[in-house]
Amino acid sequence: MKAVVVTRDDPTPQVIEIGKPSVSSGEVLVRVLRVGIDGTDHEVIAGNHGGFPAQSEHMVLGHEAVGVVEDGGDTDLTSGQMVVPTVRRPPASGSNEYFKQGQPDMAPAGLYVERGIDGAHGHMAEFVTAPSEFLVPVPDSFREFGFLVEPLSNAVKAIEHAEASRSAFRWAPETAIVLGNGPLGLLALAFLRHKGYSRLYCLGRRDRPDQSIDIIERFGATYVDSRETSLSDLATIHEPMDLVVEATGYARHGVESVRALAPNGVAALLGIPSASTFKLDGGTLHREMVLKNQALVGSVNSHVGHFETAREALTDTPSWFVDQLVTGVFPPHEIEAAFESDRQNIKAVINFEM
Ligand code: NDP
Ligand code: ZN
């Protein structure tokens, strides 16, 4: 079967033939339909993030997939069921309390591997196997865009954790800003709209015309250009935010997001920046966070419950959103073109049926 891989000698994604996997007890064989590409994949092929499976000369890429059950084995899943696989799996040392509690997303490094990212083969192949507990059923209508469940679930988790940090008092958030108009930021915006935040904003650094700005405005959100409006000025120019969701990976935003918050607000950080040094008045930041009861929460990955919430949110998301977000659909042999990043490209996807 065909699989899209990088090798230890060659970081260029390429299609190779590998053996079709077979199912063992508790496992399901999934025929992969579509696999999305995101910034993490680019980081993986650049060698900046994750690593190869032990003792393997290649790694199958891809972590955002949708497929159809080919063989449910001895599990409850039957052939023909549309599914989305999760990303984390137990490490070679075996399962641990995080997996047993259904919260592998909270496991520290060393207690998990990530398919297509860190220490395990990914989903960008004609067939994959997975234990049934790592497969989330989705409706047939998700055939073309179900691969968005995984990235959306990352935003769902971050927002859930941020909101949970405000659960000790009566909090009725109305305003939110997403920092970043990449695929993760736009999915987070779609989720906040689904949740009913009444006034939404999204920060980018692009000129019009731009498809991501069209999406922001079609959602009824306000586009904020970071070249004109700093996070410190946001509250004065627009309004203070109850929630900030950072999805730029721009290191300053990690702390500056607090400057955009209303009293009692919370900022959730999703971006994964490289090391970066900058000047900052830490004293004022510290003082304001305390005097305004504010919170800053970091969040990575997601568990099955977040996938299920993402599935619901996608069902409620208008079809034009997916049409505008997915800017390129490529067959596996056009993998190089799929990995080319340019500003017209929001989200590329590999279609194994092409
Ligand atoms: P992208 O790089 O595609 O998107 C980031 C967006 O932020 C781009 O549109 C970029 O604009 C914009 N941006 C960057 N800096 C600024 C700035 N200073 N002002 C305004 N806009 C800015 O990444 P993704 O959407 O895929 O992911 C976002 C981040 O989240 C990444 O760091 C990624 O690694 C991380 N991530 C985290 C996960 C988690 O679970 N925590 C899961 C998946 C991803 P432009 O394109 O114009 O440069
Ligand atoms: Zn991803």
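Note that this is a predicted model, so its numbers are computed, not measured. Residue numbers count from 1 along this sequence. Indexing begins at 1, ligand by ligand and atom by atom, following the structure's order.
Using a 4.0 Å cut-off between charged side-chain N and carboxylate O, R287 and D281 make no salt bridge.
Taking the six-membered ring where tryptophan is involved, the planes of F142 and F145 are tilted, since the angle between them lies from 30° to 60°.
By heavy-atom distance, the residue among I272, N301, N345, D207 lying nearest atom 40 (O) of ligand 1 is N301. Distances from atom 22 (C) of ligand 1 to the heavy atoms of T248, V300, N181 put T248 nearest. Taking each of S226, S153, S302 in turn, the one with a heavy atom nearest to atom 19 (N) of ligand 1 proves to be S226. Summarising the contacts of atom 21 (N) of ligand 1 with G185, S274, P151, G204, the nearest heavy atom is found in G204.
Below 4.0 Å from some heavy atom of G39 lie the following atoms of ligand 1, by number and element: 26 (O). Atom numbering of ligand 1 starts at 1 in the shown order; those under 4.0 Å from a heavy atom of G180 are 7 (O). Residue contact check: Y250 has heavy atoms under 4.0 Å from atoms 15 (N), 18 (N) of ligand 1. Heavy-atom proximity to R206, at under 4.0 Å, picks out these atoms of ligand 1: 9 (O), 45 (P), 46 (O), 47 (O).
Residues R311 and V84 are not in side-chain contact: their nearest non-hydrogen atoms beyond the backbone lie 4.5 Å or more apart. Proximity of P104 to Y112: side-chain heavy atoms (C-beta onward) are nowhere separated by under 4.5 Å.
Only the side chain of N154 comes within contact range of ligand 1, with a heavy atom under 4.0 Å; no backbone atom does. Contact annotation: for S212 versus ligand 1, there are no heavy atoms closer than 4.0 Å.
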Donor-acceptor list for residues 118-127 side chains, cut-off 3.5 Å, not counting sequence neighbours:
{"residue": "D118", "atom": "OD1", "partner": "G51", "partner atom": "N", "Å": "3.3"}
{"residue": "H121", "atom": "ND1", "partner": "V60", "partner atom": "N", "Å": "3.1"}
{"residue": "E126", "atom": "OE1", "partner": "K2", "partner atom": "N", "Å": "2.5"}

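Ligand 1 lies less than 4.0 angstrom from a heavy atom belonging to H253.
Side-chain atoms of Y223 come within 3.5 Å of backbone atoms of R206 as a donor-acceptor pair (strictly under, hydrogens ignored). Within the 3.5 Å criterion, the main-chain N or O of A268 finds no donor-acceptor partner in the side chain of E246.
Considering both main-chain and side-chain atoms, R205 comes within under 3.5 Å of ligand 1 through a nitrogen or oxygen pair.
P332 approaches M354 most closely through the heavy-atom pair CD-O, 4.3 Å.
The hydrophobic cluster containing L111, built from Ile/Leu/Val/Met/Phe/Trp/Tyr side-chain heavy atoms closer than 4.5 Å, also comprises Y98, M106.
The N, O or S atom of D38 with the smallest distance to the Zn ion (ligand 2) is OD2. Distances from the Zn ion (ligand 2) to the N/O/S atoms of E64 are shortest for OE2.
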